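Quick note: numbers below take in every heavy atom, side chains included, and nothing from hydrogens, waters or symmetry partners. Protein chains get the first letters and strands the later ones, always in sequence-line order, with residue 1 at the start of each. Predicted, not measured: the structure shown is a model, and the values here were computed from it.
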Amino acid sequence: MSTRTFGARIERNVDPKLLRGEGAFVDDIPLPDALHVAFLRSPHARARINSIDTKAAKANPGVVAVYTSDDIGALDIEMPLLIPHPSMTNPQTQRPLARGDVHYVGQTVAMVVAVDRYVAEDATALIEVDYTPLPVEMDMAKALSDGAPLVHATVPNNLAAHFVQTSGDPDGAFAAAEHVTKITVQVDRSTAAPMECRAVAARWEAVTGELTMWDGTQAPISVRGGLASVFGIDEDKVRVIAPDVGGGFGQKVLLFYPDELLVPMAAMQLGRPVKYIEDRRENFIGSSQERTQIHTIELAALKSGEVIGLRDFFLHDTGAFIPYGIAVAQVASTSIAGPYRIPNIFVEFKAVYTPTVQVTPYRGCGRPQACFALERAMDQLAQELGLDRFEIRRRNLIADHQFPYAREGLLFADGLKVTLDSGQYARALAMAATELGAEDFATVQAKALSEGRYLGLGLACYVEGTGLGPYEGGHVKIHPITGKVYVNTGLSTQGQGHDTVFAQIVADQLGVSPQDVIVVEGDTKAFDWGVATFASRAAVVSGNAIHKTAITVRNKVLQAAANMLDIDVESIELRDSAAWVKGSNRFVPLAAIATASNPLRYAFNKAAQAATQFAPSSKHDGPPLAEGEVPGLEATDYYSPSQSTWAYGVHAAIVEVDPGLCTVKIRKYVCIHDCGNMINPMLVEGQVMGGIAQGIGGALYERLDYQADGNLANASLMDFLVPYATEIPDVSILHLETPSPLNPLGVKGVGEAGCIAVGAVVASGVEDALRPFGALKFRQVPLSPTMIADALEQVRH
Amino acid sequence: MTRMMKGTTPVRSADAQTEVELTVNGEVVRRIVSLRMLLSDFLRHELGLTGTHVGCEHGVCGCCTVLIDGKPGRSCLTLAVQANGYQIRTIESVASADGTLHPVQQAFKECHGLQCGYCTPGMVMNILGRFEEKEPLDLSDDGIRELLSGNLCRCTGYLNIIAAVRRAAELLGRTA
Amino acid sequence: MKPSIFGYQAPTTLDEAISLLAGDPDAAVLAGGQTLLPAMNFRAANPSLLVDIQHIDGLRSIVVGAEAIVVKAMVRHREFELDADVRRVNPLIAEVMQHVAHIPIRNRGTVVGSLCHADPSAEMPLLLVLLGGSVIVQGLSGSREIAAEKFFQSFLTTARSHDEIVVEARFPLLPPMAGWAFDEVTRRHGDYAVVGVGCVLSLDESSRASGVRLAACGIADRPVRLKEAETVLNGTALGTSDLDAAVAASMAAVTQPDDINVSASYRRRALGTLIRRMVAKAAQRAQMAEVAS
Ligand SMILES: Cc1cc2nc3c(=O)[nH]c(=O)nc-3n(C[C@H](O)[C@H](O)[C@H](O)COP(=O)(O)OP(=O)(O)OC[C@H]3O[C@@H](n4cnc5c(N)ncnc54)[C@H](O)[C@@H]3O)c2cc1C
Ligand code: FES
Ligand code: FES
């Protein structure tokens, strides 16, 4: 292969095994003799635990052990606060098993270990817990008031954090405004619902003192470090493997979920492998969730439509605990001005404890909420000023020549400045209008209306800060026997196709086919420096680390090949897994170069024989390995971004509303998207489309329905409505590729982009479709049939 | 964290058991199972056929779909004892013995119809089952959506799976 | 989510099955398992004994008779849906079946099991009520026929006594030249109906409606015939004001309170919309039948 694979639609290396059913997800790892875990979970949103009686459970045939917080020794601790921030007052994190109080329905109270999951579940029902239920307040605004029931006795007014950020002179802007618009909007609670629930399995080898844990996590290296310190074992004796993982979307990165500590603990104590395979109900009531925010946003504008100032105040529901600090709210607050110039910003939020599952980032991480607030406000402003919705946006978008565009005073979740690095915002907007047929839409809409059909156009723009630091690494090695290239990084994959894009990056440097690049990640034995997969950062951070490393290896290959072929480096080119003397048919295979680069050769393979036909790969006197030289063709390097890269896009749609049944059908959906240079457009589109489908879920279907008593009424896939294929319309995805100036590959992240704008687009479209009935307002997503019916009833239709 | 070996008092559940015999991927298998064992657990943990996945255990996600007497069905909503005498086909039987992908699988690969791959075996079995049914296939976009409804995918947003069904029909020479 | 402990028997005769049921007050019939097993996996249902009826002789046939289609207890949804004779004599059935769950569920779930489960949002009970069908049950004291409207008593409750097995359901044929229609709103395709409405009617020479049957699911604790609306519509030309009156006459039938999917007032709106649309569609089909004949 000599053609560049960067930018090509390359099929994925990982697919055949997954398609044949040969994937290795946690519960697929054969662990003979394994014991199985089930948790007893709190049935109350708030209660005091008076006593726990485990006798009957322990006596149940097949039960091996039952643990409460009294039985877990040094693990009976509050789990770490991952991202501290001064805005938090007395931050609360969860204990592996409840001690004293429970704070949400689903909180782990006791753990049963038994011969199989069936028996373990039987036994949880035999544990007797005496609770004194306590009052709860589910409404965030009320929860903040004096005298409201408390989620934590030690946190007054349930106020988890309070934070204000300012950019420019917002007061001045509002004083100078010719028009101010104000709107309150809400995005409801949701959850990632990956198709594979979380899963953990652990094996303790008493003889070697080694702990191995298979964990469907997005952050194996961090989990490894955590386990080593909690259990007091050397890091090298702890191996954490994130094997194939069935989707994550943010939910699978936390330090720790209770099971991530208790399962290895049980394995060590009981001397048998132990497994915890979370079931779907537990995923709904035990694993992290996100989204509820209520924004009141004001835009200060000139009559021209130019927005000169923005004020936003929002409440952020952080659930019962705040292990991620204010990350979600902070991302929302720094994304609040979107792709618009808006030079003067005041954004304030209060994070509120509610007696619900903890909130941590779910794909989008605060951005969908910020986008919904801003874009709904822009629509309202356009209407009040009598401007077209495309036009008002056009007048406010940051112009191409204004990049890098800094929002002084705002700090992103990584603690670094918000500086939008590059883009062609206006062009994206124009492309969306063209692709959607916005110009003719009024005619189409009028004609439909005359047939009794209600069509509406919806529109929203978004930005996404991606590729957060601090760093990732890459390791690249050419295998001496086969000439195949091995690549490692510290991430783990949940289906994004890392193995293929990283292979493409390396293939281009080393002149091999991407199929001959074997990427191994998610195993601390393979590579153990790095952070995790989140925040749309894999391609940016690991991608550039691997790119840098591949260049180093390339240079080594060129030098060694030049020596072997006795020619200068400039005359060598790499292609078809070999180094060639340019313009000739003289070459040496990579396998031979890799073999020759190792002073100890194994003479029993072809590569070794081939290697002997050439001059030595290294020209020096003295010992076989010169001072400072390393054997083989291998390198390790790291990349640490200076700041986030900012991807962006414009989504637009035509929706049809049936006022009789209050159903919404998306007739056409257009997505213009720019994530810088695309390594593999096919995979980019896959990521974007997956995000859009989740966004459609968030716009119309997926809402966790917490009752007034704190119970979740729809903790199943029967009632939490993840869309099927029948609910997802065709989508046309068009790309722009504005390289990021911030990194060598010119890439930006793409993982979360798709879901951000959808809620705003759909609400905008529904409002437009129902305009014949009056100026109905849709300021909350997901938008349910009942909400549409209620709005129509208010205008007597 | 002790190195002392644990005692060997056998720990057993009190579950009643029975023998079942069924044909899985063409092979007759006989096992003693607990009465309450789900077919999904039987395939995965008794037979080691872990390609059949479990995403909900209440019939909604379709990850556990296998062919039951030739027709797509939920292995999580079938008891192993109930399946006594049944013919079961799982994803492990779909590619050729040498690993060559079946046209339906090939189409998924070409169309990027999978990301994490967790839903994929259930999707493939459902599609395969419909292709093998004698009922005519509706290969319009809506028809394909209808065919796929009943299988959740959280990663792809489905459009590439729809394309894969169309492509599979092409590879198999099916027009309806 | 694993079921709790239970016993399991797979009798080959009806008598055996009945005495197993009679002998254990917590025993349950297992047919396709598509409702029972999810409930057991959630431990919402914990029967002590499952009586699997799949191996009992004679429970697998669909017979199209002169007046009704007789569907035996182990006939799967999908078999009912695809049966060529059924399609011919009662095309309404295939139309309804497409709305029941998804194909893999329909491959296993049974028509009679769905009737026995008596979910007020389910399509099969609505169909039986709409057509004025019945079920035949057999128990210790012999066999009896129960009319659809008597069979469905309230939420998940039927007139079947514990020792009785529903051996068949009888779905009447459509009157000749009748028009028919069914549609429903769901949150997702394949989910249980939020509201569903079926209609069967005939038109006389002067295009006046007769024999109007209207029924709905998802609005009460059981499927309901909308008899007031039927009375309003019979003999009319099905004009807008007739439909308005029929809709108005049906509103009181909505007794299902707000739930996690929709509000009661939404249900009334959807019911009204579906009544209008289904009556119009049935009338159109009746007209076409007339033209064709
Ligand atoms: C994901 C999913 C979606 C679904 N969507 C829908 C839908 O949209 N609409 C819908 O109507 N249904 C839906 N269903 C349910 C499905 O239709 C079931 O097949 C049906 O309700 C029950 O049939 P079964 O044969 O599986 O009954 P089982 O589950 O075996 O039994 C159901 C109940 O009836 C009793 N029973 C069964 N047969 C008899 C008998 N002959 N005599 C006495 N008692 C008996 C059982 O004891 C049990 O209480 C869905 C199911 C799933 C899993
Ligand atoms: S696991 Fe069987 S349908 Fe979800
Ligand atoms: S590919 Fe991940 S769920 Fe479908």
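- Atom CD in E196(A) sits 7.5 Å away from atom SG in C116(B) (nearest 0.5 Å).
- Under the salt bridge (Lys or Arg N to Asp or Glu O under 4.0 Å) criterion, R167(B) pairs with E110(B), E170(B), not counting sequence neighbours.
- To the nearest 0.5 angstrom, Y158(B) atom OH is 11.0 Å from I696(A) atom CD1.
- Each of G51(B), P121(B), G99(B) has some count of heavy-atom pairs under 4.5 Å with chain A, and the biggest count is that of G99(B).
- A distance of 5.5 Å separates NE2 in H112(B) from CE in M682(A), rounded to the nearest 0.5 Å.
- Between the side chains of Q115(B) and Q687(A), at least one donor N or O sits under 3.5 Å from an acceptor N or O.
- Legend: residues meeting side chain to side chain donor-acceptor pair (under 3.5 Å) with H651(A), ordered by chain and number and at least two apart, are Y669(A).
- Atom CD of E19(B) is surrounded by more than 12 heavy atoms from other residues, nucleotides or ligands within 6.0 Å.
- The CD1 atom of I144(B) lies 13.0 Å from the OG1 atom of T726(A); values are rounded to the nearest 0.5 Å.
- Distance CD/E22(A) to OG1/T50(B): 9.0 Å, rounded to 0.5 Å.
- Shown here are the side chain to side chain donor-acceptor pair (under 3.5 Å) partners of D244(A), two or more places apart in sequence or in another chain: K17(A).
- For V115(A), the part lying under 4.5 angstrom from a heavy atom of chain B is the side chain only.
- For chain B, no part of A24(A) is nearby; none of its heavy atoms comes within less than 4.5 Å.
- Ranked by heavy-atom pairs under 4.5 Å with chain A, the first of D141(B), T120(B), V94(B), L114(B) is L114(B).
- Taking all atoms of both residues into account, the shortest heavy-atom contact from S13(B) to V119(A) is CB-CG2, 3.2 Å.
- Between the side chains of D116(A) and H45(B), no donor-acceptor pair of N or O atoms lies under 3.5 Å.
- Note that CZ of R20(A) is 8.0 Å distant from CD of Q105(B), once rounded to the nearest 0.5 Å.
- Looking at every heavy atom in both residues, A192(A) comes nearest to R154(B) through O-NE, 2.7 Å.
- Heavy atoms of N283(A) lying under 4.5 Å from chain B are absent altogether.
- Here M718(A) is the residue among E685(A), M718(A), R363(A) with the most heavy-atom pairs under 4.5 Å with chain B.
- H53(B) places a side-chain heavy atom less than 4.5 Å from the side chain of D28(A).
- Proximity to chain A involves both the backbone and the side chain of Y118(B), based on heavy atoms less than 4.5 angstrom apart.
- Comparing G754(A), P729(A), C197(A) by heavy-atom pairs within less than 4.5 Å of chain B, the highest count is held by P729(A).
- No part of N60(A) comes within reach of chain B, as not one of its non-hydrogen atoms sits under 4.5 angstrom from that chain.
- Contact count against chain B (heavy-atom pairs under 4.5 Å) is highest for A725(A) among G23(A), A725(A), G686(A), G62(A).
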Q: Would you sort out whether L19(A) and H102(B) count as a side-chain contact (heavy atoms from CB on, under 4.5 Å), showing the intermediate values?
A: CA-CA 9 Å; L19(A) 281 160; H102(B) 181 279; over 6 Å; no
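- Note on D41(B), V54(B), L148(B): by heavy-atom pairs under 4.5 Å with chain A, the leading option is D41(B).
- Heavy atoms of R44(B) lying under 4.5 Å from chain A belong exclusively to its side chain.
- Ranked by heavy-atom pairs under 4.5 Å with chain A, the list I161(B), I91(B), V60(B) is led by V60(B).
- Each of C119(B), C63(B), C56(B), A95(B) has some count of heavy-atom pairs under 4.5 Å with chain A, and the biggest count is that of C56(B).
- Contacts between L683(A) and chain B at a heavy-atom distance below 4.5 Å involve backbone atoms as well as side-chain atoms.
- Both the backbone and the side chain of Y118(A) come within less than 4.5 Å of a heavy atom in chain B.
- Neither the backbone nor the side chain of I692(A) comes within contact range of chain B, judged by heavy atoms closer than 4.5 Å.
- Note: G150(B) leads G150(B), S93(B), C153(B), G62(B) in heavy-atom pairs under 4.5 Å with chain A.
- At a heavy-atom separation below 4.5 angstrom, chain A is approached by no residue within residues 70-90 of chain B.
- No other option in G246(A), P61(A), G497(A), A693(A) has as many heavy-atom pairs under 4.5 Å with chain B as P61(A).
- Contacts of M37(B) with chain A are made by both backbone and side-chain atoms, with heavy-atom separations under 4.5 Å.
- What you find for S716(A) and H58(B) is that their closest heavy atoms are CB-NE2, 3.6 Å.
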Q) Between D15(A) and F108(B), does a side-chain contact (heavy atoms from CB on, under 4.5 Å) hold up when you go through it step by step? A) CA-CA 8 Å; D15(A) 285 354; F108(B) 265 72; over 6 Å; no
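- Using a 4.5 Å cut-off between heavy atoms, P16(A) touches chain B through backbone and side chain atoms alike.
- Residue V63(A) touches chain B through its backbone alone, counting heavy-atom pairs closer than 4.5 Å.
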